[in-house]
Amino acid sequence: MAEKKVTTATFKEMKEQGQKITMLTAYDWGTAQLLDAAGVDSLLVGDSVSMVVQGNDNSLPVTMDQMVYHTKLVARGTKRALVVGDMPFMSYQASVEEAVRNAGRFLKEAGAECVKLEGGADVCDVIQAISEAGIPAMAHIGLTPQSIHKMGGFKVQREEQRLVEDAKRVQEAGAFSVVLEGIPTPIATKITESVDIPTIGIGAGPNCDGQVLVYHDLVGLFERFTPKFVKQYAECGKTIKDAVSQFCEEVREGEFPGPEHQFEV
Ligand code: KIV
């Protein structure tokens, strides 16, 4: 693991050297500090905050102001990882000019180092304008959760030709990296081999240049549902519930606070 600050150039070097890139979501200062210290290469302030923090059913409700707020907290807690601000639904769809302004807010107000936006060939004009404004853009193709209603649900994407074309087009438009979500392994492998920019997979098999997961899924803090592609490495939800019920029991039984938690006169 490189000790120096991870930049968009590091992503490129890592793909060239065959080193896998790691990315996790984070939405607050404390978590960012922990994940950064643990050595993750990139922190994505994902619009998944809408589901795992705000309790919404999908990623559509989270606003631009809320994303800027969360990104600010994460940037404050990060020393090494590349901080990616996720452009929320309707922050880049209405016009290219609005997209550039909103992308700029992530860097200027929040301290992100790049932005991510969903879409392939359909958002190339936006990717190009953002990149030309000096804002590195990470694309996101395949299962794009902001299009949940258009896709008719969270559906694995299998149109190989369109997906390979999308990846090539976002690269041409200036994207420095691309997230591949919900794509069968052979197709994701083909995409990874077809482009020079790093692919970061989520539900796209092991041959992508890197992997991203939602932090809450990885540590077992989101219990509503667990997608097939998630590996849960810890049971933090259970640990928290056990700790809290022990606290409640000890207070009710008069066991807490004990003598060691009290002040002398
Ligand atoms: O918002 C998010 O968390 C994401 C990742 C799952 C890629 O877009």
Side-chain angles (χ1 to χ4, degrees), residues 11 20-28 31-32 35 40-64 66-71 73-74 81-93 102-103 106 110 112 114-120 123 127 136-148 151 153-157 163 166-167 170 175-183 188 191-192 197-205 208-219 221-222 224-232:
F11 266 45
K20 293 282 188 185
I21 299 166
T22 56
M23 180 157 92
L24 286 175
T25 60
Y27 317 104
D28 65 83
T31 308
L35 305 189
V40 73
D41 298 314
S42 181
L43 290 177
L44 168 67
V45 189
D47 61 359
S48 48
V49 69
S50 174
M51 287 169 286
V52 300
V53 174
Q54 297 180 337
N56 297 309
D57 288 338
N58 56 51
S59 58
L60 304 187
V62 68
T63 66
M64 190 57 214
Q66 289 165 348
M67 290 305 298
V68 167
Y69 167 77
H70 285 284
T71 306
L73 307 187
V74 169
L82 179 76
V83 177
V84 187
D86 203 5
M87 297 195 69
F89 181 57
M90 288 318 295
S91 69
Y92 58 96
Q93 286 87 347
N102 282 324
F106 277 103
C114 55
V115 298
K116 177 172 85 58
L117 65 159
E118 294 182 9
V123 293
I127 291 175
M138 179 181 284
H140 181 159
I141 66 170
L143 193 172
T144 46
Q146 290 176 15
S147 306
I148 179 176
M151 293 182 299
F154 294 118
K155 296 207 168 121
V156 173
Q157 301 294 298
L163 292 166
D166 273 343
V170 297
F176 76 94
S177 174
V178 57
V179 168
L180 308 183
E181 178 164 357
I183 297 176
I191 296 170
T192 301
I197 56 175
T199 59
I200 313 292
I202 175 161
C208 298
D209 298 306
Q211 296 291 329
V212 56
L213 280 180
V214 171
Y215 160 76
H216 286 63
D217 289 335
L218 179 135
V219 299
L221 275 176
F222 184 68
R224 213 192 271 168
F225 62 91
T226 307
K228 177 180 164 71
F229 55 78
V230 166
K231 178 170 176 185
Q232 194 180 307

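Just so we're clear, the structure is a prediction, and the values are computed from it rather than from any experiment. Just so you know, ligand 1 is whichever comes first in the structure, and atom 1 is the first atom listed for that ligand.
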Nitrogen or oxygen atoms of [X] and ligand 1 under 3.5 Å apart:
X    : result
E118 : no
Y27  : no
S48  : yes
D47  : yes

Close approach of M23 to ligand 1, heavy atoms, under 4.0 angstrom: no
Options K116, M138, H216, ranked by nearest heavy atom to atom 8 (O) of ligand 1, top entry: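 Shortest heavy-atom distance from atom 8 (O) of ligand 1: K116.
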Pairwise side-chain contact, [X] with [Y], heavy-atom cut-off 4.5 Å (strictly under):
X    : Y    : value
L221 : Y215 : yes
Q232 : D217 : no
Q66  : S50  : no

Residues T31 and D28: side-chain donor-acceptor under 3.5 angstrom: yes
Ligand 1 versus V49: contacting region, heavy-atom distance under 4.0 Å: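 None of V49 does.
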M23 CE to M138 CE distance, which is reported to the nearest 0.5 Å: 4.5 Å
Rounded distance [0.5 Å steps], NZ in K155 versus CD1 in I148: 10.0 Å
Parallel, tilted or perpendicular: rings of H216 and Y27 (30°, 60°): tilted
Ligand 1 atoms in contact with [X] (distance to a heavy atom under 4.0 Å):
X    : value
T25  : 3 (O)
L44  : 2 (C), 4 (C), 5 (C), 7 (C), 8 (O)
G46  : 1 (O), 2 (C), 3 (O)
I202 : 6 (C)

CA sep, side-chain torsions, deciding dist, call: V123, Y92, side-chain contact (heavy atoms from CB on, under 4.5 Å): CA-CA 9 Å; V123 293; Y92 58 96; 4.2 Å; yes
